[in-house]
Amino acid sequence: MYLNIQTMDISFNSLTTVALIFCATLLCFVKYRRRRGLPPGPTGLPFLGSIVSTGIQPLRHVEKLRQQYGDVFTLMFGNRNVIIVNGNEAMRELIIKHADAVSDRPSVSQLQLVSNGLGIVGSSGSLWKEQRSFALKTLRSFGFGKRSLENQILEEIDIFMEEFRKMDGKPFNPREMLSVAISNIICSIVFGRRFEHDDERLHIVLSLVNENFTSNNSFRFISNIFPWVRYLPGDFTGMKSRLQNISKIKNFLREQIQCHKDSFDENNIRDYIDAFLSEQIREKDKTDSTFTDEQLLQSLRDLFVAGSETTATTLRWAILFLVTNQNIQKKMRDEIDNVIGQNVTPSMEHKAKLPYCEAVINEVQRLGNIAPFAVPHGVRYDVMWKDYVIPKDATLLLNLESIGMDPKTFPNPEKFDPDRFLDQNGSCIGQSRFIPFSLGRRVCLGESLARMEIFLFVISLVQNFELRKEDDQSQPSCQPVRGATRSPQPFKIRTIPRN
Ligand code: HEM
């Protein structure tokens, strides 16, 4: 009897265990199964999907999969569908034709966690539309995309070049000087102030921004897909340290907001923060107003961070490519000397007369390729695309690199060759063959500012200095550091003033 009861107990326990395993497997199958109609892609491991195979070298993995599955394919990460979009045709078709469905940000991501769905970069839906258009309107009123901003940029360039002169031909890393100069331009527009080149506080904040963009942790993408990894012990995705940095950057921004609140004058709107505070007062009785303190902080973070690091990184690539391609630098200098001369300050009006320089800048942006996967897009509702379903809540990754590095459009794509942007008459052509600022409704909000900054900085530098390697023996690497952006490894240069 005793034995029988024990046997029954054992079989009951076994049955319960089997039933539990069966239910768990069924649940996982339902939750993690590949949805029918998705663009093709690898099955991946149970539960983990493609995490492991993608982890070590995401870009190489993506290239291989594109050859196997075509321009649009799906990677499963746990129960998340990540759809990778490659090539000009598929990208334009999906992002432009289905703009309404694919212009959100993913509902679960590190971006979501950091922005709380607020600001400009990380927000979606009507809040994003209202805040993006407010930002554009306000930034335009402070000179964005207009000639009036040109003088402000040129003044900053003058100060920046003085810093270069102070180096007196000695080797130095130009990173910090570039960051301060570029950051000062966006700071003038959003905070109404600039900082000295030796301002310690700004240096610290900019180095936190730089660290967040450049930390090249192979598993960083996992924190984008599973933000809960921050609760695991250790910091294998680097997420905890990035979140700490962001909180320090926000403290700096809170101080700027407080200074504005203390000195706010409705009749004297000095900058973006003032314009926001004014809008906040105008909407104070509206219960669903999006002009909240938290929204101001997040938008400010977006403008400050995106406006500082991206252009500065592009300029670092420009300097690196010019230092390692002296013949190209010389051709630019000859063109500048012929068209502008050495004593006239460059302006945007010179752009059309400097086709070779423009071709070099295009090539810097193509090969520098600082945002290879843009910023992830989210899908608002199911979209039928060709024979596939792009499902609601999927994450879309736009592989911009697949366009700029396409050997059919750009033969020998790894080579720095500005001539690919010149026709037989020496005119600059084909800028639209690659899209460094992305496309569609989410296209970079700072494109016009960035283009103006890059042109004026590069032309002024080449007009005023010979940019040389640290010494004759050194050969700085053009291999990128792949973090949130694709940036050059640290390098040193010497600058020889031309006059
Ligand atoms: C060379 C410089 C720059 C490059 C290559 C660049 C590139 C990009 C890219 C690829 C995106 C993502 C677009 C998408 O989601 O599909 C983006 C978004 C954005 N960029 Fe830039 N950017 C640059 C400079 C700037 C500057 C100077 C600002 C300053 C205002 C800025 C502000 C933004 C903002 C606010 C967004 C988010 C737009 C949105 O989500 O609606 N960017 N940028």
Side-chain angles (χ1 to χ4, degrees), residues 85 91-92 94-96 99 102-106 109 111-112 115 117-136 138-140 142-145 149 153 156 178-179 181-191 209 213 271-272 298-318 361-362 364-378 395-401 403-404 431 434-458 484-487:
V85 187
M91 218 173 288
R92 285 180 198 279
L94 200 54
I95 302 301
I96 300 207
V102 300
S103 300
D104 276 358
R105 294 299 181 204
S109 68
L111 184 63
Q112 183 70 21
S115 68
L118 300 173
I120 304 163
V121 180
S123 58
S124 296
S126 55
L127 182 140
W128 163 71
K129 269 191 201 146
E130 186 174 15
Q131 290 297 327
R132 180 174 163 118
S133 86
F134 171 78
L136 270 173
T138 308
L139 297 175
R140 274 196 203 119
F142 289 105
F144 237 60
L149 197 58
I153 298 175
E156 203 55 54
L178 281 169
S179 294
I182 290 298
S183 171
N184 266 335
I185 295 164
I186 193 73
C187 288
S188 305
I189 306 171
V190 296
F191 312 151
V209 174
F213 270 83
D271 48 40
Y272 177 84
Q298 296 291 357
S299 291
L300 216 53
R301 186 186 67 91
D302 291 344
L303 295 171
F304 173 71
V305 169
S308 299
E309 186 63 20
T310 47
T311 314
T313 304
T314 306
L315 289 173
R316 292 212 306 282
W317 277 118
I361 290 173
N362 284 344
V364 166
Q365 284 213 271
R366 184 194 70 81
L367 195 57
N369 175 28
I370 67 156
F373 281 107
V375 177
H377 286 221
T395 295
L396 286 190
L397 287 186
L398 314 184
N399 184 3
L400 304 185
E401 179 153 331
I403 299 180
Q431 197 185 44
F434 72 113
I435 45 170
F437 297 97
S438 191
L439 76 174
R441 293 189 190 165
R442 283 281 182 172
V443 66
C444 172
L445 178 138
E447 177 172 354
S448 62
L449 170 66
R451 287 195 187 280
M452 200 184 257
E453 289 173 334
I454 295 168
F455 178 80
L456 294 173
F457 267 80
V458 170
T485 48
R486 188 181 175 282
S487 57

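For ligands, and for the atoms within them, numbers begin at 1 and follow the listed sequence.
Contact record, I454 with T311: CG1-CG2, 3.8 Å, taken as the closest heavy-atom pair.
Counting heavy atoms under 4.0 Å from ligand 1, residue V375 touches it through both backbone and side chain. Proximity of R442 to ligand 1, defined as any heavy-atom pair under 4.0 Å, is shared by backbone and side chain alike. When heavy-atom distances to ligand 1 are checked against a 4.0 Å cut-off, I454 comes that close only through its side chain, counted from C-beta outward. Heavy atoms of F144 found under 4.0 angstrom from ligand 1 belong exclusively to the side chain. Looking at E447 against ligand 1, nothing comes within 4.0 Å, counting heavy atoms. The proximity of T313 to ligand 1, defined as any non-hydrogen pair under 4.0 Å, does not occur for either the backbone or the side chain.
Of all protein heavy atoms, the one closest to atom 10 (C) of ligand 1 is P436 O, 3.6 Å. With respect to atom 24 (C) of ligand 1, the closest heavy atom belonging to the protein is T310 OG1, 3.0 Å. Closest to atom 32 (C) of ligand 1 among all protein heavy atoms lies A306 CB, 3.5 Å. At the top of the distance list for atom 28 (C) of ligand 1, counting protein heavy atoms only, stands G446 CA, 3.5 Å. Looking only at protein heavy atoms, the nearest one to atom 3 (C) of ligand 1 is F437 CE2, 3.4 Å. Residue, atom and distance of the protein heavy atom nearest to atom 1 (C) of ligand 1 are T314 OG1, 3.2 Å. The nearest protein atom to atom 34 (C) of ligand 1, hydrogens excluded, is given as L445 CB, 3.9 Å; this is a heavy-atom distance.
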*Going through the checks in order, is the side-chain contact (heavy atoms from CB on, under 4.5 Å) test met by L149 and I189?*
CA-CA 9 Å; L149 197 58; I189 306 171; 3.9 Å; yes
From CA spacing to verdict: side-chain contact (heavy atoms from CB on, under 4.5 Å), V121, S115: CA-CA 8 Å; V121 180; S115 68; over 6 Å; no
Given side-chain contact (heavy atoms from CB on, under 4.5 Å), test S299 with I120 step by step and report yes or no.
-> CA-CA 6 Å; S299 291; I120 304 163; 3.9 Å; yes
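Between the CD1 atom of I182 and the OG1 atom of T313 there is a distance of 10.0 Å, given to the nearest 0.5 Å. For the atom pair H377 NE2 and L94 CG, the distance stands at 10.0 Å (nearest 0.5 Å). The structure places CH2 of W317 at 12.0 Å from CZ of R366, a figure rounded to the nearest 0.5 Å. For the atom pair L303 CG and Y272 OH, the distance stands at 5.5 Å (nearest 0.5 Å).
For the ligand labelled ligand 1, residue R451 lies outside the 4.0 Å heavy-atom shell.
Checked by atom type and distance alone, the side chain of N362 never pairs as donor or acceptor with a backbone atom of Q431 at under 3.5 Å. Distance alone, capped at 3.5 Å, places no donor-acceptor pair between the R442 side chain and the P376 backbone. Side-chain atoms of R105 never come within 3.5 Å of backbone atoms of S124 as a donor-acceptor pair (strictly under, hydrogens ignored).
For ligand 1, the atoms sitting less than 4.0 Å from at least one non-hydrogen atom of I370 are 5 (C), numbered in the order shown with element in parentheses. Counting the atoms of ligand 1 from 1 in the order shown, those under 4.0 Å from a heavy atom of A450 are 2 (C), 24 (C). Ligand-side atoms of ligand 1 in range of T311: 2 (C), 27 (C), range being under 4.0 angstrom from any heavy atom.
Considering backbone and side-chain N/O atoms, W128 comes within less than 3.5 Å of an N/O atom of ligand 1. For ligand 1, the polar-atom distance check against R441 finds no nitrogen or oxygen pair separated by under 3.5 Å. The shortest N/O to N/O separation between Q365 and ligand 1 does not fall below 3.5 Å.
Nearest-heavy-atom check against atom 37 (C) of ligand 1 across L398, V121, L136 picks out V121. For atom 38 (C) of ligand 1, the choice among H377, K129, M91, R132 with the nearest heavy atom turns out to be R132. When C444, S438, G307 are ranked by how near their heavy atoms come to atom 20 (N) of ligand 1, first place goes to C444.
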